[in-house]
Each structure stands twice: as C-alpha cells, then as structure tokens.
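In what follows, a single structure is set out as structure tokens and then discussed.
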Amino acid sequence: MAKNTYDSKAIEVLSGLDPVKKRPGMYTDTSCPNHLIQEVLDNSVDEAISGHCSNIKVKIQKDGFIKVSDNGRGMPVDIHPEHKVSGVELILCKLHAGAKFSGDEYNFSGGLHGVGVSVVNALSESLQVNIKRDAKEHEMEFSNGDKKNELKFVGDIGLRNTGTSIKFKPNSDYFESDKIRTEELKHLLKAKAVLCPGLTIDFHDEGTKEKTKWYFEDGLKSYLEDQSDGIDLILDESIVSSNSSKDQEVEFVINWASKPYKNKLDETYVNLIPTAQGGSHLNGFKSGLLDALKEFCEYRSLLPKGLKINADDAINNATFVVSSKMQNPQFAGQTKERLDSKDHMTFVTSSIKDTLSIWFNKHTEEGEKIAELAIISAQTRAKASSTVERKKTFKGPALPGKLSDCNSEDLNETELFLVEGDSAGGSAKQARERSFQAIMPLRGKILNTWDLESNEIIKSQEIKNLSTAIGVLPGNADVSSLRYGKICILADADSDGLHIATLLCALFLRHFKTLVNDGRIFIAMPPLYRVDCGKEVLYALDELQKDKIVKDFKNKKGKPKINIQRFKGLGEMNPSQLRETVMDPETRQLVRLSISASDNANAMMDLLLSKKNAPARKEWLEKKGSLVRI
C-alpha cells in the first residue's frame, strides 16, 4: 500500500551506474548480451572510422567471457583535471562521459551519449580492461560496475604497440538468456568490415572452434553481391555511389530483383551502427529514389494514365544498403535502432536523386526494367485496394494516421490493441504479429463519456479516430462494418493506466454496448513487476503476486539472488517482454469485458464516473481508498 506522506525524504537520487542496474531495459536490449558486445565493438569501430585502428578481434571464450580488442590509440590513462580519476575509470564508471560530444576527437562516431561501454560495465559480473599506449600497458578490473582495483601499470611495451582490450562476462541476472546469438553477431561484424574498407575483423568462438576473418577493399558492392546469392538481379553491375559534405556523408549500393524475394538485403547504418528501424536516412533514400524514378517515367511517358507510383513501389524489389556518416546524429533511443536527424533526410534525398537521375538517363534500357517493376507493384496495389479493400466506417473515411493496421480481414483472428501513449505504441508495433494484430496509440486520458450522448462524443478527435479504426459509430447497434474481432485495451499497470482503462470501459459500455454483449472487448493484463532468480523469469500483475513469487523463490535452496524490476510503464518494456506478457495468444492474459443482470454495472460506473455522484464518490473513496495496493 502506498504511503500517505510524500516529502523530500522520498526523493531518491541514483548515482554512478545505479540507473542502469535499476532499469537495464532503458539502456540495452535485455533479451541477450549481443547488444553489450556491439557497444564495446562500436568504440573500436569509432577508432577505425577516424583512421586510428586497422584490426579488431572478437573472441567468445568457453568460460563465458567475451573479449573485444583493437589496435587503436588506447583509452586515456592520465588523470582527468576536473574529476581527479583516470580517463579509463571515468569512461567505464560514469554515464555520459566520453570524447565524442564536441566532434574534436572523432569527426564521425556512434558513441554519442557516453553511455554504451559504461552500461556494459554495469551489467557485467566481471570486466577487465587493458590499455596499451605511450609504450606502457595498464590494467583495471571491475565487478558489477564497481572498481576492484586502481589502474595499475603492467609493463613496458613497444611504442607502436597500442590499443584497448575489454574482456567482460555479462551478468545473467539482467538478461532473459545469457546465450549469444552468434549468427547475428557474425552478420554485424561482417557488415562493420564492409562499411569500413581497410578494417580487418577477426572472430573466434572457442566453444565451436570457429575462426572467421573479414576484410573488404571493395566495400558495399561486394557485400551486396555476396548477400544476394541465389537472387536473380536485374543489373549486371549494382549502382554504387557516395556523396559528402563538411559534416555528413551518404554511401549506398542498390540493385533490383526480378521478382519478390524474402531474403533481399535492405540494411541501413549510421556511423557503422545498424539502424534496424530505419529513420530519416532511409526515408531520404526512398524519397530520392522515388523522385528520380518518377522523373524518368514522366520523361519517357512510361506511366499508364491515372496510375501513380509511391516510394514502396519504387523500392519493392530493391536490394540495398545505405550507410550514413554524420556529426551529432539524433537517435530514437540508446539502442540507436532509428535515426531521427531530420536535416540529414534532405541531404540524403538530394544526393540520391541527383545520382540516380544521371544513372537512369545513361542506362535507359535497365531504367525501363526498373520502372516496369514499380509500375507492376503500383497496379497490384491499386487492384488490391479496389477489390479487397478492408472494411471502413462511415462509408469509407481515411483511417487514422496513427493506426498500424493488420493484413488479415478475418474477424475470427483480427485484434486491435488500444495502447496508452506513443512510446508504448512503438514497442507494441515491434512486438505484434503484423498479420492479425493492429495497434492504435491513444494520447493520454480520453474524454469521460459516461454522462454524454453518442452524438456529442464524436466531436472528440480521439474518440472519432478510435471509432473510425473500429469501423462502428458510437451508439450504433449495427456492427456489420466492424473491422476487428477483438478490441483489447492495453494500458499501464499503475493507477493512471487503470484510470485510462476505466474510461475506455465506460466508453464501450455506454456507446458500443453491442460489442460488449458480443464479447468483443478485452482488457490486457500487463505485469507491474518482473522477478528474476537465476535464469528463471516470472512476471507479477501486482504487489501480492510479486510477494508470493519472491517467497516461493526464497523457499528453493541454492537459488542465486533475486532481482525485482518494477515497470514504470509499457514503454519501458522491450518488445520481446511486451509480446510475451500481453500480445502472444499463447502466453498473455486477457480479461473479457462482460455484463450481466446481477453485475449492477451501471450503478458502479455511475458512482465512479458520473458528475452527479461526486458526493457519493467522495464518501466511497473515504471508506474504500485505503484498500488500494498500486
């Protein structure tokens, strides 16, 4: 039960690496340790981008340690004038400490927040760093982010023998699985070598005894050809180009497959960091490609009358890699999966458009083949839109822009999740099964509709969007235009989330009662706590369930320490956690919203939400308020 007092004593300040240990999901992907390896790797790659490193070695040891070493300049070992500790200690023990903020040391780099390698230290049960520079070798060790010893001198070395080596063992308490996804890691290492010509990357897995080396002089072109093995490509020679200005660069390679393939290459990078969710550089690339292709089609009168091609048509059969480099890129989060730098999009669009416009005019025969693919895609899309159009409400208004629709039209399987907030909506989009699950983010608390008429509530833009997405007008008993078989309310597990869920339940009970009676409305039950004990992970809906899980764990002998994570909201959960707990039909918990004559539901909702019942509600809260356990 929450305390009645709230004063300055209740304010907690997390110092050092405690924020990472408290909320690891905000700093890294906690499904497995791969992202920790990437964070260490990115520091070495930044040295390579700046021309100070030519070799990086990654080793997965039998004892569970991972070692990443390079021949760069080596981390600073001198004492920082302000903080009075060595540079290496500052980098590994303090968040937002790094040499990449100003751009003086690194023109282009991936580590921008000074967070990455300190996160690795915080989430590793053991970490050892060796630095070679200035003809000396130094060493320092850490345990769970805490310093085990001061930086110590190891011995004299050759003046040209420089670099940094970091060996760490991820703490399994923070990860759903401590198993490294080696195929994903090798793909990443190969891509890094491709994007940084002249860099050699060695990989050694002691467990499988696999040793692999990557070195590319030809870069993107050879990478695309290698990854397109088995795909029938239209162009004999892929288009490769690069453009740069004072503070940004873009390089790309593109070809087109003769027919759709599942395993086409479509990768984007920023400062050699993979951006799985794309962002402004991908949007700029698609926009530049579309502009050049439309210009070519119009000039040669290739487009059928009334047909318009879009960016998806232009890129539908394309296999490509886009690599951007820029100062101070703005990412969507610490995991850097999406680029949000808006100015870079303009630069990429103009660069791609200029390059491809010249290419199309020089290679008209190949250009017409590419245009034909885009035209076929546009015609297929137009045909599908006119013959198998998803059912819409109000005789076909445009669906809300924030709605991420699903592919299926079968009411027996389609589901719409009404999600609290854009942040949680973004995670839900990654967690969903696109074929039958749609996502509609809601902006805060919707209008209290309990005392209002149906023709009044449609004036609210949020409710109008919701109604359009569902396909049914408020107060309308005719649900023949319903677009989803299940409508699931997905809000945070805290008191604010319960308030939002209550307002939505009131909306459906009062204005979409037919859907309630048909059993179409559900409330998802997201967990409030995650409890880890060794490799066992359990989720708790509330305080009572959490206490029971902890008690059960403590009763088992030989168990390691128990780690409890309280989710502040859905946006704090990574997509894999969200999928497992609230979206996967095999593992989630859904509660159907239903009413019966004995429920007295109307009286209860009147008490909770009616403006006329404020005095009775106050009296009820005074008597029952102490029962709240959120």
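What you see below is based on every heavy atom in this structure, not just the backbone, and it leaves out hydrogens, waters and symmetry mates.
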task: Consider only side-chain N and O atoms of Ser357 and Glu295, and report whether a donor and an acceptor are under 3.5 Å apart.
output: yes

- Query: Is a salt bridge present between Arg579 and Glu433, judged by a nitrogen-to-oxygen distance below 4.0 Å?
  - Reply: no

Intermediate values then yes/no, side chain to side chain contact (heavy atoms under 4.5 Å, CB included), Val58 and Val40:
CA-CA 10 Å; Val58 178; Val40 181; over 6 Å; no

* Do Phe153 and Val77 have side chains that get closer than 4.5 Å, going by heavy atoms? -> no

How about Phe252 and Phe320: are their ring centroids closer than 6.0 Å?
-> no

Show your working on salt bridge (Lys or Arg N to Asp or Glu O under 4.0 Å) between Lys325 and Glu251 and close with a plain yes or no. CA-CA 9 Å; Lys325 293 178 184 175; Glu251 182 180 9; 5.8 Å; no

What one should report as the nearest heavy-atom pair of His138 and Val154 is C-CG2, 4.0 Å

Scanning both residues in full, the closest heavy-atom pair of Ala257 with Lys264 reads CB-CD, 4.3 Å

Over 12 non-hydrogen atoms of neighbours within 6.0 angstrom of OH in Tyr215
yes

**Q.** Aromatic plane relationship, Phe360 with Trp256 - under 30° parallel, 30 to 60° tilted, over 60° perpendicular
**A.** tilted

Fill in: Glu249 and Asn243 side chains, donor-acceptor separation under 3.5 Å
no

Looking only at heavy atoms, the pair that brings Met75 and Ile131 closest together is O-CG2, 3.2 Å

Exercise for the section: Give the intermediate values and the outcome of side chain to side chain contact (heavy atoms under 4.5 Å, CB included) for residues Lys221 and Glu237. Expected result: CA-CA 9 Å; Lys221 182 181 176 183; Glu237 289 287 329; 2.4 Å; yes

Look at atom NZ of Lys402 and say whether more than 12 heavy atoms of other residues, nucleotides or ligands are closer to it than 6.0 Å.
yes

What I want to find out is whether Lys369 reaches Glu366 closely enough, with some N-O distance under 4.0 Å, to be called a salt bridge. no

Distance col, row Ser222:OG vs Glu225:CD, nearest 0.5 angstrom, shows 7.0 Å

Rounded to the nearest 0.5 Å, the OH atom of Tyr174 sits from the CG atom of Asn144 at a distance of 6.0 Å

Item to complete: Would you check if the side chain of Thr268 reaches a backbone N or O of Val322 as a donor-acceptor pair within less than 3.5 Å?
Response: no

Under 3.5 Å, is there a donor-acceptor pair between the His35 and Thr28 side chains? yes

Within the 4.5 Å heavy-atom criterion, are Ser351 and Asp354 side-chain neighbours or not? no

In the structure I gave you, are the side-chain heavy atoms of Phe168 and Leu123 within less than 4.5 Å of one another anywhere? no

*Check: Ser165 and Lys59 side chains under 4.5 Å, non-hydrogen atoms*: no

Taking the side chain as C-beta and beyond, is there a heavy-atom pair between Ile79 and Val85 under 4.5 Å? no

Residues Ala428 and Met583: closest non-hydrogen pair is O-SD, 3.8 Å

Check your understanding: Going by atom types only, do Ser126 and Ser143 share a side-chain donor-acceptor pair under 3.5 Å?
Key -> no

**Request:** State, with a plain yes or no, whether a side-chain heavy atom of Ile180 is found less than 4.5 Å away from one of Cys32.
**Result:** no

d(Ile234 CD1, Ser258 OG) to nearest 0.5 Å is 6.5 Å

**Asked** Given the rule in the side-chain hydrogen bond (donor to acceptor under 3.5 Å, both in side chains) test, do Gln277 and Thr275 qualify, once you have shown the distances and angles that lead to the verdict?
**Response** CA-CA 5 Å; Gln277 298 177 28; Thr275 43; over 6 Å; no

- For the pair Glu150 and Lys147, find out whether any cationic side-chain nitrogen is under 4.0 Å from an anionic carboxylate oxygen. yes

Any sub-3.5 Å donor-acceptor pair from Glu206's side-chain atoms to Lys62's backbone N or O?
yes

- Electrostatic pair Lys148-Asp146, nearest N-O below 4.0 angstrom: no

Exercise. Given side chain to side chain contact (heavy atoms under 4.5 Å, CB included), test Leu41 with Lys192 step by step and report yes or no.
Key: CA-CA 9 Å; Leu41 178 67; Lys192 297 282 189 184; 4.0 Å; yes

Check: Does NZ in Lys429 sit with more than 12 non-hydrogen atoms of other residues, nucleotides or ligands closer than 6.0 Å?
Finding: yes

Of all heavy-atom pairs linking Thr162 and Arg133, the shortest is CG2-CA, 4.2 Å

For the pair Ser50 (side chain) and His52 (backbone), establish whether a donor and an acceptor sit closer than 3.5 Å, ignoring hydrogens and angles. no

Exercise. Answer with yes or no whether the side chains of Glu267 and His187 bring together a donor and an acceptor at under 3.5 Å.
Key: yes

Note to self: Pairing donors with acceptors under 3.5 angstrom, does anything connect the side chains of Asp178 and Ser172?
What the structure shows: no

* Answer with yes or no whether the side chains of His344 and Ser324 bring together a donor and an acceptor at under 3.5 Å. => yes

CD1 (Ile157) and CG (Asn161) are apart, to the nearest 0.5 Å, by 4.5 Å

Asp173 side chain to Asp532 backbone, donor-acceptor under 3.5 Å: no

Task: Between Asn130 and Thr164, a side-chain donor and acceptor under 3.5 Å - done: no

Q. Does atom NZ of Lys57 have more than 12 heavy-atom neighbours from other groups under 6.0 Å away?
A. no

| said: Heavy-atom count check: over 12 atoms from other residues, nucleotides or ligands less than 6.0 Å from Glu372 CD? | reply: no

Rounding to 0.5 Å, atoms CG (Asp343) and OG (Ser341) come to a distance of 7.5 Å

Expected list for residues 194-205: side-chain donor-acceptor pairs under 3.5 angstrom, two or more places apart:
unit_1 : atom_1 : unit_2 : atom_2 : d
Asp202 : OD2    : Asn55  : ND2    : 3.0
Asp205 : OD1    : Gly207 : N      : 2.9
Asp205 : OD2    : Thr208 : OG1    : 3.4

Closest non-hydrogen atoms of Val348 and His281, given as atom of the first, atom of the second and distance, are CG1-O, 3.6 Å

Over 12 non-hydrogen atoms of neighbours within 6.0 angstrom of CG in Asp156
yes

*Considering only heavy atoms from C-beta outward, does the side chain of Phe142 approach that of Val129 to under 4.5 Å?*
yes

query: Are Asp312 and Lys286 close enough for a salt bridge, meaning some N to O gap below 4.0 Å?
result: yes

| request: Assess whether atom CG of Asp266 is packed by more than 12 heavy atoms of other residues, nucleotides or ligands within 6.0 Å. | output: yes

Asp291 meets the salt bridge (Lys or Arg N to Asp or Glu O under 4.0 Å) criterion, sequence neighbours left out, with none

Rounded to the nearest 0.5 Å, the CG atom of Leu293 sits from the CG atom of Asp313 at a distance of 9.5 Å

Electrostatic pair Arg530:Glu176 at N-O distance under 4.0 angstrom
yes

Note to self: How about CG on Asn149, more than 12 heavy atoms from neighbouring residues, nucleotides or ligands closer than 6.0 Å, or not?
What the structure shows: yes

Next item on the list: Decide yes or no on side chain to side chain contact (heavy atoms under 4.5 Å, CB included) for Ser245 and Asp247, but give the supporting numbers first.
Entry: CA-CA 6 Å; Ser245 67; Asp247 56 359; 3.5 Å; yes

(request) Report yes if the side chains of Asn255 and Ile239 come closer than 4.5 Å at any heavy-atom pair, otherwise no. (result) no

